[in-house]
Asker: 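Have a look at the structure that comes next, please.
The figures that follow rest on heavy atoms only: side chains count, while hydrogens, waters and symmetry mates do not.
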There are 2 protein chains.
Amino acid sequence: MATRARRTQRRRQVLSREQIIDTAIELLDAGGAGGLTVRALTERLATGSGAIYYHVGTRDELLDTATETVIAAALATEPARAPATPENEIRVVALGLFDAIAEHQWLATRLAVQLTRNPWGPVTVGIFEKIGRQVRALGVPQAVWFVAASTLVHYILGAVSQTRIDGYTSGVETDEDREKFLEAASMAWQELDPADYPFMHAISGQMREHDDREQFLAGIALILDGITNLR
Amino acid sequence: MATRARRTQRRRQVLSREQIIDTAIELLDAGGAGGLTVRALTERLATGSGAIYYHVGTRDELLDTATETVIAAALATEPARAPATPENEIRVVALGLFDAIAEHQWLATRLAVQLTRNPWGPVTVGIFEKIGRQVRALGVPQAVWFVAASTLVHYILGAVSQTRIDGYTSGVETDEDREKFLEAASMAWQELDPADYPFMHAISGQMREHDDREQFLAGIALILDGITNLR
DNA sequence: ACCTGAACACCGTTCAAGT
DNA sequence: ACCTGAACACCGTTCAAGT
């Protein structure tokens, strides 16, 4: 029963690393990357700026940590409804990331920043490992594991970074907003000079009736098909 | 011969929009995104900050413009060595972007930022149009043009963003640096607990003998294969 | 060990004023 | 029309000092 205050440790610690990270994510969700300032953090947590640096380091390091936290959570959730084929598992991972970005819009940009700066950091490694295992389960020869996995990962990260929900207003997205956005994009395409942009013009119609999620999965299916052809 | 100073226009204009953009790109190449400050620009151009805003607007807008300029140049160059099959044309576009990022390292991050904020801006449209035409030339049915093109574009942008050359020191990259980097990454993988990261562990060997460019093209080949299977 | 908060250096942007 | 540059508001980070 030595559980009583060991030594005369003053035990004033009232601020935790986790608490700071959670608050940071809240600020990011509410105001994007610009919403996370050291001052906003200290205000919300009723503390001084030094405390932040003591617990989590630089603002940039905090941003890294926040990203890793959210991604790890996204990779950890396992719905496991559909039969557990490798193809389905890959889809689950991909959609998990997709949804994480829909929920935390700042992730799209920050993910890109982070991958550029440190391509083989914990984020990529985590995603790569999850995808890679399923690639192996697909039964393709070991010699092509790397190409197969990296093509999938690159596609997923590329697609997911470019899937924006609502950039500026940084709030909840209504279906109306979304429709207006697609409408506007589709119209912008049609206004392009058909002589200069024949292709864009030709497919502008497919824009209005286009579902991001569905399109995203169609791309994965296409790549999976290419992979199994490697066998 | 009305070429003589028309009217008594004072003609003090000595600073051009183009000049500012070029200098901005120089600063970016030399010091990354952090190297482009309004103050550094005014110093190099021997002018006041107001002049910058007058010609190119906000720092953020200048960054957009610089990106568009570099990307447009990358898409414009046509080597045209190999026979002009659609597959080869797609490879040329992809490698053009790859090389542009190798030359202007800040592009990787900025591209991602820009695509997230405005997914259907001039940059994406330009790339999409170029890729799309070749997809059409591939002879796949119109119904799948969009999936085919967007899968390629997403892969290319994802892969190219994650291909880093040398992030921090922001200088020229020596082969030695590169080898050290790959060596370090490969070793980091092997140090991962094989129980937690069996896949990464299994392919860590392929890392050392891996050529970014080759790998990039292998991914494209894989996707092209998937696309032609749609026929 | 944990935290405070004033101080510092450095940002982007504006705008009255000049030519 | 084109440009100057002081002024402003707002950053991230440090660090001596407190408990």
Asker: Identify whether any heavy atom of L62(B) sits under 4.0 Å from a base atom; if not, whether one sits that close to sugar-phosphate; answer base, sugar-phosphate or nothing.
Answerer: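 If one applies the 4.0 Å heavy-atom cut-off, L62(B) turns out to touch nothing in the nucleic acid.
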Asker: Heavy atoms only, 4.0 Å cut-off, all strands: where does L36(B) land among base, sugar-phosphate and nothing?
Answerer: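 Touches sugar-phosphate only.
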Asker: Nearest 0.5 Å please: distance from the CE atom of M200(B) over to the CH2 atom of W120(A).
Answerer: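 The CE atom of M200(B) sits 5.5 Å away from the CH2 atom of W120(A).
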Asker: Pairs under 3.5 angstrom only: tabulate donor-acceptor contacts from the side chains of residues 90-97 of chain A to other protein residues two or more places apart or in another chain.
Answerer:
from   : atom 1 : to     : atom 2 : distance (Å)
R91(A) : NE     : N88(A) : OD1    : 3.3
R91(A) : NH2    : N88(A) : OD1    : 3.2

Asker: Please report, rounded to the nearest Å, how far the P atom of dG5(C) is from the CG atom of L45(A).
Answerer: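 It works out to 14 Å between those atoms.
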Asker: Could you state the interatomic distance from CG (D99(A)) to NE2 (H104(A)), rounded to the nearest 0.5 Å?
Answerer: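 If we round to the nearest 0.5 Å, D99(A):CG and H104(A):NE2 are 10.5 Å apart.
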Asker: Quickly work out the R59(B) CZ to dC11(D) P distance and round it to whole Å.
Answerer: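 Spelled out: CZ on R59(B) to P on dC11(D) is 16 Å.
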Asker: Quick check on dC2(D): is either OP1 or OP2 less than 4.0 Å from any side-chain nitrogen or oxygen of Y54(B)?
Answerer: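 Checking dC2(D) against Y54(B), a side-chain N or O does come within under 4.0 Å of OP1 or OP2.
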Asker: Looking only at heavy atoms, which two atoms of A51(B) and I20(B) are closest? And how far apart?
Answerer: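 Nearest pair, atom of A51(B) first, then I20(B): O-CD1, 4.4 Å.
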Asker: Between A46(B) and D60(A), just flag the one whose closest nucleotide in DNA chain D comes earlier from the 5' side.
Answerer: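 Closest to the 5' end, via its nearest nucleotide, is A46(B).
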Asker: Mind checking what makes ring-ring contact (aromatic ring centres under 6.0 Å, His included) contact with Y197(B), not counting sequence neighbours?
Answerer: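 None.
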Asker: Rounded to whole Å, how long is the line connecting atom CZ of R39(B) with atom P of dA6(D)?
Answerer: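 Checked: the CZ to P distance equals 11 Å.
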Asker: Atom CG of D64(A) to atom P of dG12(D): distance rounded to whole Å?
Answerer: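 Between P of dG12(D) and CG of D64(A): 15 Å.
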Asker: Please produce a list of atom pairs where a protein N or O lies less than 3.5 Å from an N or O of nucleotides 14-17 of chain C.
Answerer:
from    : atom 1 : to     : atom 2 : distance (Å)
dT14(C) : O4     : S49(B) : OG     : 2.9

Asker: If you measure from CD1 on I25(B) to CG on L107(B), what distance do you get to the nearest 0.5 Å?
Answerer: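 Taking CD1 in I25(B) and CG in L107(B), the distance rounds to 8.5 Å.
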Asker: Just the rounded figure in Å: distance from C1' of dG12(C) to CD of E43(B).
Answerer: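 These atoms are roughly 16 Å apart.
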Asker: Just grab all the side-chain hydrogen bond (donor to acceptor under 3.5 Å, both in side chains) pairs involving residues 37-46 of chain B, residues at least two apart or on different chains.
Answerer: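 Of all non-adjacent pairs touching residues 37-46 of chain B, those that pass side-chain hydrogen bond (donor to acceptor under 3.5 Å, both in side chains) are E26(B)-R44(B).
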Asker: Rounded to whole Å, how long is the line connecting atom CZ of R17(A) with atom P of dA1(C)?
Answerer: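 It works out to 18 Å between those atoms.
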Asker: So, taking the atom named CG in L111(A) and the one named OG1 in T124(A), what distance separates them when rounded to the nearest 0.5 Å?
Answerer: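 Answer rounded to 0.5 Å: 8.0 Å.
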Asker: For D60(A), check salt bridge (charged side-chain N to carboxylate O under 4.0 Å, His left out) against everything at least two apart and list the hits.
Answerer: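 Salt bridge (charged side-chain N to carboxylate O under 4.0 Å, His left out) check on D60(A) returns R110(A), R117(A).
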Asker: In whole Å, I'd like the distance from the CG atom of L41(B) to the P atom of dG12(C).
Answerer: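 Result: 9 Å.
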Asker: For DNA chain C, what dot-bracket results from Watson-Crick or G-U pairs at under 3.5 Å, with [ ] for crossers and | for inter-strand partners?
Answerer: ||.|||||...|||||.||
Asker: With respect to the phosphate group of dA1(C), does any side-chain polar atom (N or O) of H55(A) fall under 4.0 Å of OP1 or OP2?
Answerer: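 Negative; the distance criterion is not met.
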Asker: Can you check the I52(A) CD1 to dT13(D) P distance for me, whole Å?
Answerer: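 Answer to the nearest Å: 12 Å.
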Asker: The side chain of T37(A) lies closest to which of these nucleotides: dC11(C), dG12(D), dC3(C)?
Answerer: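 In terms of side-chain proximity for T37(A), the closest of dC11(C), dG12(D), dC3(C) is dG12(D).
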